Amino acid sequence: MKSTETSKSSAMKKNGAARKSTGDSSLSHEQLNELFIDGLKDIYWAEKALTKALPKMIKKATSEELAEALTAHLAETEGQVTRLEEVFTSIDEKAVAKKCEAMAGLIKEAEEIMGECEDGGMLDAGIISAGQKVEHYEMATYGTLRAFAEILGHEKAAGLLQESLDEEKAADEKLTEVTSSAITLMTAQEEKR
Ligand SMILES: [Fe+2]
């Protein structure tokens, strides 16, 4: 199995060095493959980081429904890490994680929100808002990577990435449901007063 770090060709810009546009928008198989592998390393890091961040969110959640939804998604996230390892294997690449700055930022923001919100409904709403931002980032990433895999002819990888995409969509919908039921409950309590 070849190492992804050493096999990297010079097509990717190194250290942000400026490259002048040639006006040619064609994309080679090799270039797309590099973007694909780079994206996989990125989401691999992100999923691993989430397996550490989610338990903190579960601990802080007040609503049982929210804690359950996050707990179920933690188990799914652990499965997604393993699934990504299968994706790497399916394309004969070593599973390597590369820091995802976007996910690091989203997790940092979630921690800030949790530190700023008052316990109870406000904290739950804050956790949901942070969680949905994470889900949408993951949906965008898996959608793009699945499309790249299809173009590159990596059928097995495309199927696996679609499975994770479906799980992220379901997790996002579940968080929306938790929000709606919490708001309905709050409105009912307000009306009783
Ligand atoms: Fe995920």
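From a predicted model like this one, the values you see are computed outputs, not experimental measurements. Any value given below was found using the heavy atoms of this structure, including those in side chains, with hydrogens, waters and symmetry copies removed. Numbering of ligands and ligand atoms starts at 1, following listing order.
Here the N, O or S atom of E168 that is nearest to the Fe ion (ligand 1) is OE2. For E138, the N/O/S atom at the shortest distance from the Fe ion (ligand 1) is named OE2.
For the residue pair H73/E168, the side-chain donor-acceptor check at 3.5 Å is satisfied.
Geometry about the Fe ion (ligand 1) gives an angle of 80° between OE1 of Q80 and OE2 of E47, rounded in steps of 10 degrees.
Electrostatic pairing of K108 and E112 counts as a salt bridge here, judged by a charged N lying under 4.0 Å from a carboxylate O.
I113 and I107 fall into different hydrophobic clusters, defined by Ile, Leu, Val, Met, Phe, Trp and Tyr side-chain heavy atoms under 4.5 Å apart, directly or through other members. Linking ILVMFWY residues whenever their side-chain heavy atoms come closer than 4.5 Å, directly or via other members, leaves L175 and M122 in distinct clusters.
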